[in-house]
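A, B, ... follow the sequence lines: proteins, then strands. Residue 1 opens every chain.
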Number of protein chains: 2
Amino acid sequence: MNGGMPKPTIKDVALEAGVSLGTASRVINRFSDVNVEMRLRVERAIRKLGYTPDAVAQSMRSRSTRTIGILIRDFSSPAFVSFATVVQSLLYREGYVPLLAGYADEPRRELEILSAFAQRRIDGLIVTTSSDSDARLADTRRKLAVPTILFDRDPDGEQDTIAVDHRSGIQQVMTYLLKLGHRRVALLTGAHHVRPARERIEAFIKAHHDAGLVLDPMLLRTGSFTAEFAEQQSVDLLALPNRPTAIIAGGVNMLPGVLLAIRAAGLSIPKDISVVSSTNPELCELFMPTVTELRVDYGAMGVEASQLMLGRVQGTIKGPPRILRFDTTLIERESCAPPHV
Amino acid sequence: MNGGMPKPTIKDVALEAGVSLGTASRVINRFSDVNVEMRLRVERAIRKLGYTPDAVAQSMRSRSTRTIGILIRDFSSPAFVSFATVVQSLLYREGYVPLLAGYADEPRRELEILSAFAQRRIDGLIVTTSSDSDARLADTRRKLAVPTILFDRDPDGEQDTIAVDHRSGIQQVMTYLLKLGHRRVALLTGAHHVRPARERIEAFIKAHHDAGLVLDPMLLRTGSFTAEFAEQQSVDLLALPNRPTAIIAGGVNMLPGVLLAIRAAGLSIPKDISVVSSTNPELCELFMPTVTELRVDYGAMGVEASQLMLGRVQGTIKGPPRILRFDTTLIERESCAPPHV
DNA sequence: TTGAAAGCGCTAACAA
DNA sequence: TTGTTAGCGCTTTCAA
């Protein structure tokens, strides 16, 4: 597979430049206290030998791997795509590399990934945990002893948090739907042990209360963020004797399931049923009719998360845990109309 | 950020177990020539101290990082999602970790990522390069001197390749469209310097030739795999005095652009124009009408790629470069109909 | 089968 | 400002 001589080491560079190991290291690490003459000699040697530092050896000594672990639910959501793209680009620019992993809705895999991260000595962690309330996961994160950003999860008082205000998001949606005249709105979202689901559920209940409406518990469907769950629950909802007049897909992967179920039921949007979806720009704009969307700017969250993380690992940001909140925007499209009675 | 005592090392384990460093290492690495009594003592010590090996130190000595670099175009295509999900899960199972990076259509970033990989001493590389013909990239890959799998790119005689047969794919599509009566079919795909584009272009031309048709060069639009490119070219195609009666989205990200352009032109599918798309299960099934799809099983490719890679890095697969080919399946849906004259 | 010791490539502490 | 040296945590000789 290979060809020829071994990779040059810093020793070779020092030898070639006729300086000591230490001086070579100082040049490589851009320390200021190096004579110009020496610096040039070392740089020439580096170029001549085609030397690149060995990151493993650097990490061995310096304790830093310049690696940021990023632990998400899965790779399939458009939200992840915007986030990951931005984060990767900003981290690389500073010489850091993201270690990306998804647990694909299997909490056990989350633990495995965390320990793989630990063994590799990541410098920082951005994590969307599968459960806010799992003490074992929290404990494992703590043991990593690196700057951590909880992504759209509950602040724990110890780590930085960057989260969406889903509560006001659902409030916006409900205000909109109620104004259109809807009284039977269904909410599909994940299980209560993650913050986005919990916030949506609470806001959903509160909106009913504030409007003086009695919430039919059949209309609240929680348990998973997957499209499969959304489809199966939608099928069930649409078969109800008094089916909802609007459905909220409360999760970035859920819209496809909802749309499939509605089509299978032979219903038309928005005539028979109104639909609002969480962030999914492509599908929402492309589907006909276009779908009203509760949009979150995950790219912007990626920028903030990267900057905060870089600040923490580089020591330029200090002090107590920060909590960054992001608002949602309701983008009204064609999928909502007054219900007909 | 931290709390308490430093992580236990193998030295602590050896001390606790009352054995030598070497013995502790042998137990950890599951060597057979260790006395049962010793093994138990070491294992107990490991459990007691909560020891986990330090992957950086292991790599330092062993030369293996158990890390596989995966370099793709970007994170946004559903094809990537299926592939990455499978690969991650199979690699983790064997104690390997994927290092995922996308160059987002900027060839310069590809080089940066490759050198980041090199510095980190990856054990293997799976790469969808931005250009089959860029000698600098090929050279950089070669210098990595690790098992490499070219993903849907031209075999270079040195590395393993796992590729889709786009040629027969386009042939299937053309046969289908010609049989429906289409004579003006447009193909949208990437630039000729990557294999999937090149194969599609060649097969597209050959299909015309074989059918005794003269290909209007205006109908062949190559240059980029992005949705933006697809949209802009589609807009242009649809404004032609004699516009095509069918469009092929020859790239996994391109369908959205095509659909947007068709909608903007006020045309209806398949009455005014037929559409065939490369792999994009969700959108193809969800859009109305459903879209005829030239499907590739990227999950299956992920399985094969992982197994081949693991075989190479673990030394269980030896010998000359392998070339694995995957076929496409044409899934006929509602987006194609005979053209009306 | 086990222990002792060298050393992977580098950074950092110390001395000059 | 530069050189020398110890040692990061581990695997892997080499001897015993």
Side-chain angles (χ1 to χ4, degrees), chain A residues 2 5-43 45-46 49-67 95 118-123 145 314-315, chain B residues 2 5-43 45-46 49-67 95 118-123 145:
Chain A
N2 194 333
M5 52 194 183
K7 267 190 67 180
T9 71
I10 195 171
K11 223 165 150 180
D12 301 319
V13 171
L15 210 68
E16 171 75 29
V19 300
S20 75
L21 264 184
T23 303
S25 173
R26 279 174 208 117
V27 172
I28 289 159
N29 293 288
R30 321 207 167 287
F31 281 125
S32 48
D33 54 350
V34 179
N35 186 304
V36 187
E37 147 87 21
M38 294 272 160
R39 152 157 293 134
L40 287 175
R41 264 160 59 193
V42 173
E43 282 167 351
I46 288 174
L49 299 177
Y51 168 81
T52 35
D54 180 323
V56 175
Q58 285 180 316
S59 302
M60 183 76 193
R61 192 68 238 259
S62 69
R63 315 260 57 190
S64 155
T65 56
R66 297 183 87 80
T67 301
Q119 283 194 24
R120 271 151 220 276
R121 300 207 303 220
I122 53 169
D123 285 0
Q314 294 172 343
Chain B
N2 194 333
M5 51 195 184
K7 267 190 67 180
T9 72
I10 195 172
K11 224 166 150 180
D12 300 320
V13 171
L15 211 68
E16 171 75 29
V19 300
S20 75
L21 263 183
T23 303
S25 173
R26 280 174 207 118
V27 172
I28 290 159
N29 292 288
R30 321 204 168 291
F31 282 126
S32 47
D33 56 348
V34 179
N35 186 304
V36 188
E37 147 87 21
M38 293 270 161
R39 153 156 293 133
L40 287 175
R41 262 159 60 192
V42 173
E43 282 167 351
I46 289 175
L49 299 175
Y51 167 80
T52 35
D54 181 322
V56 175
Q58 285 180 316
S59 302
M60 183 76 191
R61 195 66 238 264
S62 69
R63 313 261 60 189
S64 155
T65 56
R66 297 183 87 81
T67 301
Q119 284 193 24
R120 270 150 221 275
R121 301 209 300 224
I122 54 170
D123 285 1

If you compare every side-chain N and O of [X] against the phosphate oxygens of [N] (OP1, OP2), does one of them come in below 4.0 Å?
| X | N | value |
| --- | --- | --- |
| S25(A) | dC10(C) | no |
| T23(B) | dG3(C) | yes |
| S20(B) | dG3(C) | yes |

One should read off an interatomic distance between R39(A) CZ and R30(A) CZ, to the nearest 0.5 angstrom, of 8.0 Å

Rounded to the nearest 0.5 angstrom, the CE-CG distance for M60(B) and D54(A) is 6.5 Å

If I compare all heavy atoms of [X] with all of [Y], which pair ends up nearest, and what's the gap?
| X | Y | answer |
| --- | --- | --- |
| I10(A) | A24(A) | CG1-CB, 3.9 Å |
| I28(A) | Y51(A) | CD1-CE2, 3.5 Å |
| Q119(B) | P53(A) | CG-O, 3.6 Å |

Between [N] atom [atom2] and [X] atom [atom1], what is the distance in whole Å?
| X | N | atom1 | atom2 | answer |
| --- | --- | --- | --- | --- |
| K7(B) | dC8(D) | NZ | P | 15 Å |
| D33(A) | dA12(C) | CG | C1' | 12 Å |
| D12(B) | dC8(D) | CG | P | 11 Å |
| R26(B) | dT2(C) | CZ | P | 8 Å |
| R66(A) | dC10(C) | CZ | P | 15 Å |
| N29(A) | dA12(C) | CG | P | 7 Å |
| E37(B) | dT1(C) | CD | C1' | 13 Å |
| R121(A) | dC10(D) | CZ | P | 9 Å |

For the residue pair [X] and [Y], establish whether any side-chain heavy-atom pair is separated by less than 4.5 Å.
| X | Y | result |
| --- | --- | --- |
| R26(B) | M38(B) | no |
| S59(A) | V56(A) | no |
| V19(B) | R41(B) | yes |

Expected list for residues 51-60 of chain B near DNA chain D, using heavy atoms below 4.0 Å, is Y51(B), P53(B), D54(B), A57(B), Q58(B), M60(B)

On DNA chain C, more 5' by nearest nucleotide between G18(B) and T9(A) is G18(B)

- Taking N and O atoms by type only, does the side chain of R63(A) place a donor or acceptor under 3.5 Å from a partner on the base of dG9(D)? no

What protein N or O atoms touch nucleotides 5-7 of chain D N or O atoms at under 3.5 angstrom, if any, and at what distances?
from	atom 1	to	atom 2	distance (Å)
dG7(D)	N2	R61(A)	NE	3.4
dG7(D)	N2	R61(A)	NH1	3.3

*asked:* Quick check against the 3.5 Å criterion: does R120(A) have a side-chain atom that pairs as donor or acceptor with the backbone of T65(A)?
replied: no

